Amino acid sequence: MSKSHQQRSEHTNPWLFAMELGFFAGLIWGATRWLMYAMHFTKVVPGFLVEPFFKHDFLVKAEGHLIGYLVFIFFSVIASLLYVLILRKLKGPWPGMVYGVLWWSALFLAGSWMFLQQGPFKLPWNTVITEFCIFLLWGLFIGYTIAIEYTDERTREERISVA
């Protein structure tokens, strides 16, 4: 069996791939969120996902930032697993962008109704726009990476380069 045929017959484990992707999505975009908070582009603390479980005074300290960062990584792993489970066959960047906007909507719009987060219309506009853009890019990162891995795009490119 030729080496190129062996490479094409190997399949990526979707669950391990999603967990690895979610880890790096959380690592990269969690750091971006922290940086935007540190530079005062957003007033939403890095630990906003655990705000119902910790006092706000704790979350504005370095320990609270670290817990928020780690929880965002865990959240990203769960979100990647959900994307693989539900949307992995969709192609292109748009499904991932919509996915990020849906998560932003769930956390900031629905979250404000459940008193988990201050509503977006009570936050400064630079905070709303910054958070929206971060979640849009976070969703794009997850969705497009999965689309490239699980649709014909990459295998088609390999077949062209092998031929």
Side-chain angles (χ1 to χ4, degrees), residues 12-151:
T12 304
N13 180 328
W15 308 114
L16 292 176
F17 181 77
M19 288 180 5
E20 182 180 9
L21 173 63
F23 173 78
F24 284 106
L27 200 66
I28 293 166
W29 297 104
T32 303
R33 284 196 75 256
W34 177 82
L35 184 63
M36 294 297 111
Y37 178 78
M39 294 174 62
H40 303 288
F41 282 102
T42 179
K43 292 185 182 279
V44 177
V45 294
F48 79 101
L49 291 172
V50 292
E51 190 128 26
F53 308 107
F54 292 94
K55 291 186 177 191
H56 186 77
D57 294 338
F58 172 74
L59 292 176
V60 296
K61 296 178 183 173
E63 299 86 7
H65 289 201
L66 179 61
I67 287 174
Y69 188 45
L70 295 174
V71 169
F72 191 79
I73 292 170
F74 179 74
F75 165 71
S76 297
V77 169
I78 300 300
S80 281
L81 288 167
L82 280 172
Y83 194 95
V84 164
L85 180 67
I86 300 168
L87 304 169
R88 92 172 150 207
K89 297 294 181 183
L90 298 178
K91 297 179 181 181
W94 292 105
M97 293 170 74
V98 170
Y99 190 67
V101 170
L102 289 175
W103 273 111
W104 177 85
S105 299
L107 293 171
F108 285 87
L109 296 175
S112 67
W113 294 329
M114 296 182 292
F115 305 107
L116 298 176
Q117 175 66 31
Q118 193 176 19
F121 303 109
K122 294 181 181 176
L123 293 169
W125 282 105
N126 59 336
T127 294
V128 174
I129 292 168
T130 299
E131 293 292 336
F132 181 84
C133 290
I134 289 172
F135 274 92
L136 179 82
L137 292 171
W138 171 83
L140 174 66
F141 181 82
I142 291 172
Y144 202 47
T145 304
I146 290 172
I148 287 173
E149 186 67 26
Y150 291 106
T151 61

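Owing to the predicted nature of the structure, the values given are computational and were not obtained by experimental measurement.
Expressed to the nearest 0.5 Å, how far CG of L59 lies from CG of L49 amounts to 10.0 Å. Rounding to the nearest 0.5 Å gives a distance of 10.5 Å between CD1 of I73 and CD1 of I28. In this structure, CG in L123 is found 9.5 Å from NZ in K43, a value given to the nearest 0.5 Å.
Checked against ring-ring contact (aromatic ring centres under 6.0 Å, His included), F54 has the following partners two or more places apart in sequence or in another chain: F58. The side-chain contact (heavy atoms from CB on, under 4.5 Å) check on V98 picks up L102, with sequence neighbours excluded. Scored by the side-chain contact (heavy atoms from CB on, under 4.5 Å) test, N13 finds W15, L16 as partners (sequence neighbours excluded). Applying the side-chain hydrogen bond (donor to acceptor under 3.5 Å, both in side chains) test to Y99 and every residue at least two apart in sequence or in another chain returns W103. Residues satisfying the side-chain contact (heavy atoms from CB on, under 4.5 Å) test with H40, not counting sequence neighbours, are none. Every residue two or more places apart in sequence or in another chain that forms a side-chain contact (heavy atoms from CB on, under 4.5 Å) with V77 is listed here: M19, F23, L81. In terms of the ring-ring contact (aromatic ring centres under 6.0 Å, His included) criterion, F41 has no residue partners (sequence neighbours excluded). Not counting sequence neighbours, the partners of F132 by the ring-ring contact (aromatic ring centres under 6.0 Å, His included) test are W104.
The minimum heavy-atom distance linking A18 with S80 is given by the pair O-CB, 3.2 Å.
Here the rule is ring pair (Phe, Tyr, Trp, His ring centres under 6.0 Å) with F48, and of F108, F72, F53 only F108 fits it. Tested against T130, the residues I134, T127, V128 include a single side chain to side chain contact (heavy atoms under 4.5 Å, CB included) partner, I134.
Y83 is not listed as a side-chain neighbour of L21, based on a closest heavy-atom distance of 4.5 Å or more. For the pair L87/P95, no side-chain contact is recorded, criterion being any heavy-atom separation below 4.5 Å from C-beta on. Taking the side chain as every heavy atom from C-beta outward, Y37 and V60 approach each other to under 4.5 Å.
Sequence neighbours left out, the pairs with a member in residues 58-74 that pass side chain to side chain donor-acceptor pair (under 3.5 Å) are W34-H65. Residue pairs meeting the salt bridge (Lys or Arg N to Asp or Glu O under 4.0 Å) criterion with at least one member in residues 28-41, sequence neighbours excluded, are R33-E131. Counting only residues at least two apart or on different chains, no salt bridge (Lys or Arg N to Asp or Glu O under 4.0 Å) pair has a member in residues 68-90.
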Quick one: side chains of residues 137-146, donor-acceptor pairs under 3.5 Å with protein atoms, not counting sequence neighbours, listed by atom name and distance.
residue	atom	partner	partner atom	Å
W138	NE1	S76	OG	2.9
T145	OG1	F141	O	2.6

